[in-house]
Every structure is written in structure tokens, then in C-alpha cells.
Amino acid sequence: MDEVFLRGLLESQLGNIPTEISAIRILISLVFGYAIGMVYRYSHTGISYSSNFTFTIVAASFLACAILIIVGENVARAFALVGALAIIRFRTVVKDPKDLVFIFASLVIGMAVGVGMFLVSLIVFMIFSLTAIVMKTFKLFAIDDFENIIRFTCNEKIKIDDINALVNKYFNNYQLLTYETIASENRNYITFETSAITESDFNQLKNEINSEFDGVSFSFVAGNSSITY
């Protein structure tokens, strides 16, 4: 790359940016967005992970970069963009505030790349990612680590204490979510939120239920499901 090209790539004033420099900035913001998406995937907790939301994080970064490149220092374009965005209504509810922060971080980094502030974008990305990874790894401010849902269906002869003892045997952390008795069906429905379980422990749990508990069935939803509860 010659000196003129490098100067244009790193220049923070938007103005009339050459097409190749604009493309490089968008690609750089895409890389940042992908990296933020990977951090989100690693740091996510709970049972509501969605690959579609991760795509939103990735796309927000390079789209924010492209918007700033398009608008530049043109006031008319800026007002036109505000008017266009005002027409769009986003009705998707973000249940976890942390998800909203990841979207915001992706936008901020994309905007920084769009105006040529690569060092700022790198610093923001490193601090943000390090914070998310450390809090996930060391479970800072966490109370319990619940990742799964297990639901038991059994006849009335089986008491909740029996089911509770079974869950306590295989899960480190758990809590009762619902306990429902339907007299007309002579059935009990018991739902727990639990921590993670290994494949071997899960197989032992299944075998113990089949061999020692007559009339009990259960359903298990792992935390990596895209289903939201």
C-alpha cells in the first residue's frame, strides 16, 4: 500500500472516501462484529440463546460503519437517514439488558471504524470483551447457574419429595418452578430449573427413572436451545 492509500484509510474525517477504503472499513467492522458475536456466544447464560440475535450483533457493526460512510459530513443525508429510520418500527422485545449492551457495543465499534478511529474501536472491543469474559468465567455477581429445564409427569402416588431427591442427586443447583396437580387425570406435573448435567449423568438419571419409578415420564430442555421461555 502506498502512503496516500494508508493516509486515506486512517483519516478520521469522512468527506469523500474512495470506494476501496470504504470497503476495507466495512470489512474491518465486520471482523469486529464477528468477534463480538463470539464473545456473546461464550458469555451467554440461560436457556434463551438465539443464533438470530448473534447475527444481529454481527450485522449491526458493519451496518453502523456503512451508515457513517454514506452520511459523511452531509447534513441533508443525515436528516434523510433520521426520517427513514423513523418509519421503521422495531417491536422485538429484548428480555435481557445484557443483550442490549452487546448491540450497543457493536454499533459503537462499527461507528468508530466508519470514521477511521481504529485504535478507539480496538480499545473499546478489548475492554468490553475482557469484561464480558471475566464476568462469565468467574461468575461475578452471579447467584446460581441455571441452564436447563426438566419437567416430570407422574401419577399421584409419587410424592414431590421423591422427585426432589432424584433431582438433588444429579444436579448441583436447582429450583422448583411449578408444581401442578390435576385430580381428573390423577397426574402431577413438576418443573425444575437446573444447572448443567453431563451426558453420563443424564443417562444414569434416565435409567434410574425407568427402573425405579413406575409411571413417571420426563422432558428435558438443554440451555443451548433457541427456545425462549
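Values in this document were obtained by computation on a predicted structure and should not be read as measured data.
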Contact check, side chains of [X] and [Y], non-hydrogen atoms, under 4.5 Å:
{"X": "Val134", "Y": "Leu140", "value": "yes"}
{"X": "Leu122", "Y": "Phe32", "value": "yes"}
{"X": "Lys98", "Y": "Asp96", "value": "yes"}
{"X": "Glu208", "Y": "Tyr170", "value": "yes"}
{"X": "Leu177", "Y": "Ile149", "value": "yes"}
{"X": "Ile57", "Y": "Ile103", "value": "yes"}
{"X": "Ile209", "Y": "Phe152", "value": "yes"}

Kindly give the heavy-atom pair with the smallest separation between [X] and [Y], and that separation in Å.
{"X": "Ser43", "Y": "Ala132", "value": "CB-O, 3.9 Å"}
{"X": "Leu176", "Y": "Tyr179", "value": "CD2-CB, 4.4 Å"}
{"X": "Gly33", "Y": "Val58", "value": "O-CG2, 3.5 Å"}

Quick check on the hydrophobic clustering: are [X] and [Y] connected, directly or via other members, by side-chain heavy-atom contacts under 4.5 Å?
{"X": "Tyr34", "Y": "Val39", "result": "no"}
{"X": "Met111", "Y": "Ile127", "result": "no"}
{"X": "Met126", "Y": "Val113", "result": "yes"}
{"X": "Leu119", "Y": "Met117", "result": "no"}
{"X": "Val167", "Y": "Ile158", "result": "yes"}

To the nearest 0.5 Å, what is the distance between [atom1] on [X] and [atom2] on [Y]?
{"X": "Ile28", "Y": "Ile109", "atom1": "CD1", "atom2": "CD1", "value": "13.0 Å"}
{"X": "Tyr189", "Y": "Thr181", "atom1": "OH", "atom2": "OG1", "value": "10.0 Å"}
{"X": "Leu30", "Y": "Ile26", "atom1": "CG", "atom2": "CD1", "value": "9.5 Å"}
{"X": "Lys169", "Y": "Gln204", "atom1": "NZ", "atom2": "CD", "value": "7.5 Å"}
{"X": "Thr194", "Y": "Tyr174", "atom1": "OG1", "atom2": "OH", "value": "11.0 Å"}
{"X": "Ile197", "Y": "Ile150", "atom1": "CD1", "atom2": "CD1", "value": "7.0 Å"}

Main chain of [Y], side chain of [X]: is a donor-acceptor contact present, judged purely on distance under 3.5 Å?
{"X": "Asn168", "Y": "Asn164", "value": "no"}
{"X": "Ser106", "Y": "Ser61", "value": "yes"}
{"X": "Arg25", "Y": "Gly114", "value": "yes"}
{"X": "Asn155", "Y": "Arg187", "value": "no"}

Residue [X] excluded, over 12 heavy atoms near [atom1] under 6.0 Å:
{"X": "Asn210", "atom1": "CG", "result": "yes"}
{"X": "Glu199", "atom1": "CD", "result": "no"}
{"X": "Phe202", "atom1": "CZ", "result": "yes"}
{"X": "Phe55", "atom1": "CZ", "result": "no"}

Measure from the ring center of Phe53 to the ring center of Tyr40 and say whether it is less than 6.0 Å. yes
Centroid separation Phe102 to Phe128 less than 6.0 Å: yes
Please determine, by modelled atom types, if Thr137 and Tyr42 share a side-chain donor-acceptor pair under 3.5 angstrom. yes
